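Just so it is clear: chains get the letters A, B, ... in the order the sequence lines come, proteins before strands, and each one is counted from 1. Predicted model only: the values in this text are computed from it and were never measured.
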Amino acid sequence: MSSLKDRLEEFKRTFESGAPPYNATREAVATMHRATAELKASGIESAALKVGDRAPDFSLFNQDHVRVTSTDLLRERPLVVSFFRGHW
Amino acid sequence: MIELEALQEVDSGVRALGGRILAISPQLEKYARSVHRKLNLTFDILTDLHFTTAEQFGLVFGLPDYLRELYVSFGTRLDVFHDESEYRLPMSARYIIDSSSIIRAADVNADYTIRPEPSDTLRLLRELRPLTPPLHKVQS
């Protein structure tokens, strides 16, 4: 299995080439690059929680509408928590 | 999608170490359910409605008007997916949180196409040890 990095780069290449199913225009790609560069430059990354910080507790519904509470899980085990933007 | 698939590949390894993966996004439960079934995930996708949790981790940003217009032109209706009028997103982030709720690994990137390897996360989890005791105990 290829690395996640390779897979993400492949996706990026396809997207930025304007190929289907995305059919992104050059203008759209440039706009997205601008947005990412501006977000980076805003310094937002350094404001996020870091190693050594205490993680906030959370209690959220999963895909089957079952409530999942971080403190219940953390009593026994470490967690890998991945924030992502969604799939649309 | 790509990252969730890659995380799925290490889920059994994470569980073998006694850990658990949780994916968190602002999309409504019906969208989380759809992707969860499509990818046959064995870890949960949680709905962080209105970004309450992502805000606490310092990950949320509002889209500038020009980007919002582009998303709308793509048919990417964040207002519908998130059930709010604002167009906001979380930065991509992966954390390892130990059983004392302390963050032991953090990878946050404003560019969502740059993500750490799940195999590296698995390795960090394997190497996870209790935090160093206070200094006087180390020296004694």
Side-chain angles (χ1 to χ4, degrees), chain A residues 1-5 7-12 15 22 24 27-28 31-32 34-42 44-68 70-71 73-88, chain B residues 1-3 6-7 9 14 18-27 29 31-33 35-36 44-48 53-54 56-59 61 64 66-67 70 76 81 89-99 101-106 108-113 115 117-118 121 125 128:
Chain A
M1 193 59 82
S2 59
S3 70
L4 175 56
K5 180 168 183 280
R7 283 182 260 179
L8 287 166
E9 281 176 358
E10 173 64 26
F11 161 76
K12 204 172 172 179
F15 182 85
Y22 315 105
E27 195 183 15
T31 299
M32 294 176 75
R34 174 188 165 194
T36 301
E38 286 179 1
L39 187 62
K40 275 236 176 235
S42 75
I44 187 175
E45 288 166 337
S46 59
L49 293 190
K50 300 174 183 53
V51 169
D53 289 339
R54 193 183 162 77
D57 301 335
F58 55 84
S59 185
L60 304 169
F61 286 111
N62 77 0
Q63 68 286 334
D64 300 315
H65 200 64
V66 175
R67 189 175 277 282
V68 174
S70 62
T71 47
L73 292 171
L74 283 168
R75 250 195 285 279
E76 302 156 31
R77 56 174 74 79
L79 293 178
V80 174
V81 176
S82 174
F83 285 89
F84 70 105
R85 28 174 63 199
H87 299 100
W88 357 272
Chain B
M1 199 85 100
I2 299 171
E3 186 176 8
L7 284 170
E9 290 160 17
V14 170
R20 189 77 69 84
I21 298 173
L22 293 174
I24 300 181
S25 89
Q27 64 191 346
E29 281 172 47
Y31 303 107
R33 188 152 54 243
V35 71
H36 194 273
D44 284 341
I45 299 180
L46 308 184
T47 292
D48 182 22
T53 298
Q56 290 181 297
F57 279 82
L59 301 172
F61 62 96
Y66 67 85
L67 190 60
L70 182 67
T76 303
F81 301 140
L89 285 172
M91 283 189 287
S92 296
R94 196 183 305 158
Y95 288 102
I96 295 177
I97 303 170
D98 73 14
S99 54
S101 290
I102 301 301
I103 294 172
R104 302 293 295 275
V108 178
N109 207 309
D111 182 346
Y112 70 96
T113 65
R115 306 302 310 128
E117 292 302 320
T121 301
L125 200 60
L128 198 65

Apply side-chain contact (heavy atoms from CB on, under 4.5 Å) to the pair B/Asp44 and A/Gln63, showing each step before the final yes or no. CA-CA 7 Å; B/Asp44 284 341; A/Gln63 68 286 334; 3.1 Å; yes

A/Lys12 vs B/Asp111 side-chain heavy atoms within contact, under 4.5 Å: yes

Would you mind telling me which of A/Ala48, A/Ala28, A/Ser42, A/Ala37 has the largest number of heavy-atom pairs within less than 4.5 Å of chain B? A/Ala48

Less than 4.5 Å to any heavy atom of chain A: does that hold for the side chain of B/Val35, its backbone, both, or neither? side chain

Taking the side chain as every heavy atom from C-beta outward, state whether A/Phe58 and B/Leu46 have any atom pair closer than 4.5 Å. yes

Would you mind checking which part of B/Tyr31 comes under 4.5 Å of any heavy atom in chain A, side chain (CB onward), backbone (N, CA, C, O), both or neither? neither

Nearest non-hydrogen partners of B/Ala6 and A/Leu4, listed with the distance: CB-CD1, 3.9 Å

With B/Pro26 via side-chain contact (heavy atoms from CB on, under 4.5 Å) - residues at least two apart: B/Phe51, B/His82, B/Pro90

Residue A/Lys40 versus chain B: region with a heavy atom under 4.5 Å: both

Give, as side chain, backbone, both or neither, the part of B/Arg115 having an atom under 4.5 angstrom from any heavy atom of chain A. both

Would you mind reporting whether B/Glu3 and A/Ser82 have side-chain heavy atoms less than 4.5 Å apart? yes

Under 4.5 Å to a heavy atom of chain B? For A/Arg67 that would be neither

Mind checking ring pair (Phe, Tyr, Trp, His ring centres under 6.0 Å) for A/Phe84 and listing every partner two or more places apart, or none if nothing turns up? A/His87

Side chain, backbone, both or neither of B/Thr121 within contact of chain A (heavy atoms, under 4.5 Å): side chain

Checking B/Ile21 against chain A: side chain, backbone, both or neither under 4.5 Å from a heavy atom? both

With a 4.5 Å limit on heavy-atom distance, are the side chains of B/Asn109 and A/Glu45 in contact? yes

Where B/Asp98 and A/Leu74 come nearest, the two heavy atoms and their spacing: O-CD2, 3.3 Å

So do A/Leu73 and B/Leu22 actually touch side chain to side chain, heavy atoms under 4.5 Å? yes

